[in-house]
There are 2 protein chains.
Amino acid sequence: MAGSRKTSQEDVHFRVLRLLEENPEMSQRDLAQAVGISVGGAHYCLNALIEKGLIKIGNFSAARDKRRYAYILTPKGIAEKSALTGRFLKRKMAEYEALKAEIDALKVELEPTMDDSAPRKQAQQK
Amino acid sequence: MAGSRKTSQEDVHFRVLRLLEENPEMSQRDLAQAVGISVGGAHYCLNALIEKGLIKIGNFSAARDKRRYAYILTPKGIAEKSALTGRFLKRKMAEYEALKAEIDALKVELEPTMDDSAPRKQAQQK
DNA sequence: AAGTGATTGCTCAACAATGAACATTGCATC
DNA sequence: GATGCAATGTTCATTGTTGAGCAATCACTT
């Protein structure tokens, strides 16, 4: 489900595309931190996006810093990002509800019903 | 952050311990589906939990089914599960808020402000 | 200039996890 | 019984990901 590699990777790709559309001059480390992956993973991801033709490498504007790149969305990348938005939002809303339910269940479990003098420490078994 | 291998694995371990405490006779496939990992991953995880001494293999009750096992929490496993609960809940609540913020941001982006006659289709760039 | 430290993109071994198989066992219908 | 079918735990090649480190470049001080 949530751990499916394909969807998880799609999430990362979408987030990276979204971030780069706003700011194409983000460094790989900034991207990694913003998305929540490792630095090597960001590099890996960017290569995949370039391979797919969704982004291309441009010139960094400030001071001709030869180290840095700018990762610019191609038209195909912009289209892909738009196409991904709906699925991403839908998935995240489902995750949101699931997370809410899990948290609530856990809270209930931690705070047993105090309204009657029920025996404590006794979890109800199925 | 969220993709950190250690925390992600801790989440899986906690969920598995929690599920097994309620029902020790769950199959690896049921566990996998409930937790959101692959079948092989469940096997992998169970081995790790046995290695840690948190669960032990017991006998399946019904019909002496030689295929199935029962995965019973050891006292150490019960303690570990309790110790993990707090951290897990705290982390999930943080994830919950982050998810909420991300969804809201995405919704705002999809539905541009309609309250004045602003030009449409024009996302505000930084 | 020269040196020092910080930051960049990048590489790589180790590990984690997947997805698809596998052998074994139980259940059912013939 | 025998035969087919579904479900179990298990294995394994492939792939994704991490974390630490690399050379190159920039900024800054001497």
Side-chain angles (χ1 to χ4, degrees), chain A residues 1-17 19-20 23-52 54-73 84 91, chain B residues 1-17 19-20 23-52 54-72 91:
Chain A
M1 275 190 147
S4 165
R5 209 126 86 180
K6 188 177 179 183
T7 58
S8 172
Q9 197 162 300
E10 194 178 277
D11 282 3
V12 170
H13 283 188
F14 173 75
R15 285 199 176 101
V16 168
L17 288 177
L19 286 167
L20 288 180
N23 180 16
E25 298 191 350
M26 286 185 74
S27 72
Q28 295 187 1
R29 277 175 175 78
D30 289 341
L31 276 173
Q33 187 176 5
V35 173
I37 57 178
S38 68
V39 187
H43 182 71
Y44 186 85
C45 169
L46 288 173
N47 274 355
L49 291 178
I50 292 173
E51 192 80 15
K52 283 187 177 181
L54 303 184
I55 62 175
K56 62 177 180 181
I57 291 190
N59 288 334
F60 192 74
S61 60
R64 305 177 180 281
D65 191 327
K66 290 176 186 174
R67 295 171 305 176
R68 311 202 54 174
Y69 296 146
Y71 307 100
I72 305 169
L73 268 67
L84 251 48
R91 207 179 321 154
Chain B
M1 274 192 149
S4 165
R5 208 125 85 182
K6 187 177 180 183
T7 59
S8 172
Q9 197 162 302
E10 194 177 277
D11 281 3
V12 170
H13 283 189
F14 173 76
R15 285 199 175 100
V16 168
L17 288 177
L19 286 168
L20 287 181
N23 180 16
E25 299 191 348
M26 285 186 75
S27 73
Q28 294 187 1
R29 277 173 173 79
D30 289 341
L31 277 173
Q33 187 176 4
V35 173
I37 58 178
S38 68
V39 187
H43 181 71
Y44 184 86
C45 171
L46 287 172
N47 274 355
L49 291 178
I50 291 173
E51 192 81 15
K52 284 187 176 180
L54 303 184
I55 62 176
K56 62 177 179 180
I57 290 190
N59 287 335
F60 192 74
S61 60
R64 307 178 178 280
D65 192 328
K66 291 178 185 172
R67 295 172 305 178
R68 310 202 55 173
Y69 296 146
Y71 307 101
I72 305 167
R91 207 179 324 159

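Just so you know, these numbers come straight off a predicted model, no measurement behind them. All heavy atoms count here, side chains included; hydrogens, waters and symmetry mates do not. Naming: A, B, ... by sequence-line order, numbering from 1 per chain.
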Under 3.5 Å between N/O atoms: give me all the protein pairs with nucleotides 9-16 of chain C, atom names plus distance.
residue: C:dG9; atom: OP2; partner: A:Gln28; partner atom: N; Å: 3.1
residue: C:dG9; atom: N7; partner: A:Arg29; partner atom: NH1; Å: 3.0
residue: C:dG9; atom: O6; partner: A:Arg29; partner atom: NH2; Å: 3.3
residue: C:dC10; atom: OP2; partner: A:Gln28; partner atom: NE2; Å: 3.0
residue: C:dC10; atom: OP2; partner: A:His43; partner atom: ND1; Å: 3.3
residue: C:dC15; atom: O2; partner: B:Arg5; partner atom: NH2; Å: 3.3
residue: C:dA16; atom: OP2; partner: B:Tyr44; partner atom: OH; Å: 2.9

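At whole-Å resolution of the value, CD in A:Gln33 and P in D:dG19 are 13 Å apart. Straight-line distance from the NZ atom of A:Lys6 to the C1' atom of C:dA20: 16 Å, rounded to whole Å. The interatomic distance linking A:Leu46 (CG) with D:dG16 (P) rounds to 15 Å, in whole Å. One atom, CD of A:Glu25, and another, P of C:dT7, lie 18 Å apart when rounded to the nearest Å. If you take CG of A:Leu31 and P of C:dT7, they are 17 Å apart, rounded to a whole angstrom.
Scanning for side chain to side chain contact (heavy atoms under 4.5 Å, CB included) contacts around A:Arg29 gives A:Ser27, A:Val39, with sequence neighbours left out. B:Ser38 is linked by a side chain to side chain donor-acceptor pair (under 3.5 Å) to nothing, counting only residues two or more places apart in sequence or in another chain. Under the side chain to side chain donor-acceptor pair (under 3.5 Å) criterion, B:Arg91 pairs with B:Glu10, B:Asp11, sequence neighbours left out. Considering only residues two or more places apart in sequence or on other chains, A:Phe14 meets the ring pair (Phe, Tyr, Trp, His ring centres under 6.0 Å) condition with A:Phe88. In this structure, the side chain to side chain donor-acceptor pair (under 3.5 Å) partners of A:Arg15, at least two apart in sequence or on a different chain, are B:Glu102.
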Run the side chain to side chain contact (heavy atoms under 4.5 Å, CB included) test on B:Leu31 and B:Leu20 for me, step by step, so that the C-alpha distance in whole Å, both residues' side-chain angles and the decisive distance to 0.1 Å come before the verdict.
CA-CA 9 Å; B:Leu31 277 173; B:Leu20 287 181; 3.9 Å; yes
